[in-house]
Amino acid sequence: MSGERLRDLPPAERLRRLADRAGLSEADRAALAAGGLDAETADRMIENVVGMLSLPVGVGLHLVVNGRERLVPMAIEEPSVVAGLSNAARMLAAGGGVTATATDARMIGQVQLVEVPDLDAAAKAVLEARDDLARLCAETDPALAKLGGGLRDVAVRRLDPHGPDDPLGPMLVVHLVIDTLDAMGANAVNTMAERAAPELERRTGGHARLRILSNLADRRTVTAAGRVPFAALAREGFPGEDVARGIEEASVFAERDPYRAATHNKGIMNGIDALLIATGQDWRAVEAGAHAWAARDGRYGPLSRWRRGEDGALHGTLTLPMAVGVVGGAVRTHAAVRAALRLAGVERARDLAELAAAVGLAQNLAALRALAAEGIQRGHMRLHARKS
Ligand code: MEV
């Protein structure tokens, strides 16, 4: 199905063709077309509901991830993002498509311990308690344990005062590293951290304060990589090799300058957030993780990197934490979210994470290519002109 043809159809016909291709049921089609949320369900989701807010859902095309072409549902108000994704996906497809690999779904639950009498002895005692903590976590979430998830690792960090104005002495922070499998995992991790806290107090003699997951999910990351032959980057008046050089220059600019890195990463998150919103994810959690990861070396930098290769192609890679799930939360309550996941062909959390990273890489390429060639405004204006 060509992008051009799809673009010229009315939305209902577009949905019919894409839904046919993804094998969606009548109920899924209706949910996508109508927004998939009734007032009663909405009222059960959050507090003081007075109504609902709609966003357009577009579908990005041509994105090949690990050898499979995907449809990308994207909920977003900003023009050019969906078209940009499809264009860049086509360029990446010319280089063989995107390869994406997610780690296991290891989330971190933090337990803060204050007034610990002997920090070294306490750290040792926590590490020795690993098996007991694993048992406790399994008892807390037997369903997850049965599926093979649960505590994978325990780490102890000592946090010393941060300077003369810091009012407190050293504290100990315990990280419970928990594999949450197909769940985003916030509920499971928070419950386990709360249940583990009294045991940690008992073993360390300290007082447990915060017991909550960390959104810097650096044990649950995803990496996407792709290459684009120079020829596929060419645009009228802009030879592919020049565009590739411009994209490399843009990448290095972001590597050297946090002001540029913030905008570079915003472009990546344009695509990722649109997919996450359409698929009912906690996109604020992914945003928080992405930016904290971008600053993990003490200096904010870009999530992706582009370089010209010896093979006549531009090579890009992107890595970021990706805490997403396909069970629980809005996936359970929201019919359009379930339909969007089916449209994207997503069954497992790992698959959604890999798709999201591929989308981020392609979205970044779309922005950098436009910036390196004709500039972003001309592309935007063309799309605006088409709509009016
Ligand atoms: C606009 O929403 C996103 C861009 O600013 C990203 C970028 O500059 O890389 C175009």
Side-chain angles (χ1 to χ4, degrees), residues 55-61 63 72-92 98 223-228 232-233 235 238 240 242-278 281 283-284 286-291 293-295 299-308 314-320 322 356-387:
L55 279 177
V57 176
V59 179
L61 304 172
L63 187 66
V72 185
M74 306 176 82
I76 188 161
E77 86 298 340
E78 184 175 330
S80 301
V81 173
V82 177
L85 174 74
S86 301
N87 286 336
R90 218 202 296 254
M91 293 179 235
L92 285 158
V98 178
T223 296
R227 61 185 285 281
V228 186
L233 290 165
R235 199 156 184 149
F238 300 97
D242 291 359
V243 177
R245 185 185 163 82
I247 292 174
E248 188 182 78
E249 286 165 352
S251 178
V252 172
F253 181 8
E255 289 157 35
R256 293 183 188 179
D257 179 20
Y259 286 90
R260 174 55 209 160
T263 323
H264 178 105
N265 290 344
K266 191 273 184 183
I268 292 171
M269 300 313 289
N270 270 347
I272 293 180
D273 284 344
L275 170 66
L276 299 183
I277 293 169
Q281 304 299 311
W283 52 274
R284 287 89 52 211
V286 176
E287 278 278 344
H291 297 294
W293 171 264
R299 191 163 174 280
Y300 190 88
L303 296 166
S304 70
R305 195 183 142 108
W306 295 90
R307 291 289 185 270
R308 287 170 297 165
L314 179 73
H315 295 251
T317 57
L318 164 72
T319 300
L320 76 168
M322 190 55 69
V359 167
L361 187 73
Q363 204 70 60
N364 185 217
L365 174 64
L368 298 189
R369 186 205 188 210
L371 289 166
E374 61 187 13
I376 211 80
Q377 289 305 355
R378 220 180 104 197
H380 274 247
M381 293 328 290
R382 231 194 348 250
L383 283 173
H384 286 298
R386 192 175 56 74
K387 282 193 305 186

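In each ligand, atom 1 is the first atom listed, and ligand 1 is the first ligand listed.
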Problem set entry | Part of Asn270 with heavy atoms under 4.0 Å of ligand 1, whether side chain, backbone, both or neither | side chain
Exercise. Which bit of Leu371 is near ligand 1, meaning a heavy atom under 4.0 Å away: side chain, backbone, both or neither?
Worked result: side chain
Exercise. Any donor and acceptor pair, going by atom type alone, linking the side chain of Ser304 with main-chain N or O of Leu318 inside 3.5 Å?
Worked result: no
Seminar exercise, completed: Tightest non-hydrogen contact, residues Ile277 and Ala75, listed as CG2-CB, 3.8 Å
Problem set entry | N or O contact, Lys266 vs ligand 1, cut-off under 3.5 Å | yes
Problem set entry | Basic-acidic side-chain contact under 4.0 Å: Arg260, Glu249 | no
Problem set entry | Nearest non-hydrogen partners of Ala294 and Asn265, listed with the distance | CB-ND2, 3.8 Å
Seminar exercise, completed: For Glu78, the atoms of ligand 1 under 4.0 Å from one of its heavy atoms are 1 (C), 2 (O)
For this session: Tell me, yes or no, whether the heavy-atom count around Arg256 atom CZ, taken from other residues, nucleotides or ligands under 6.0 Å, exceeds 12.
Result: no
Exercise. Near Thr263, which atoms of ligand 1 are under 4.0 Å from a heavy atom of that residue?
Worked result: 5 (O), 6 (C), 7 (C), 8 (O), 9 (O)
Problem set entry | ligand 1 contact on Arg260 by region, counting heavy-atom pairs under 4.0 Å | side chain
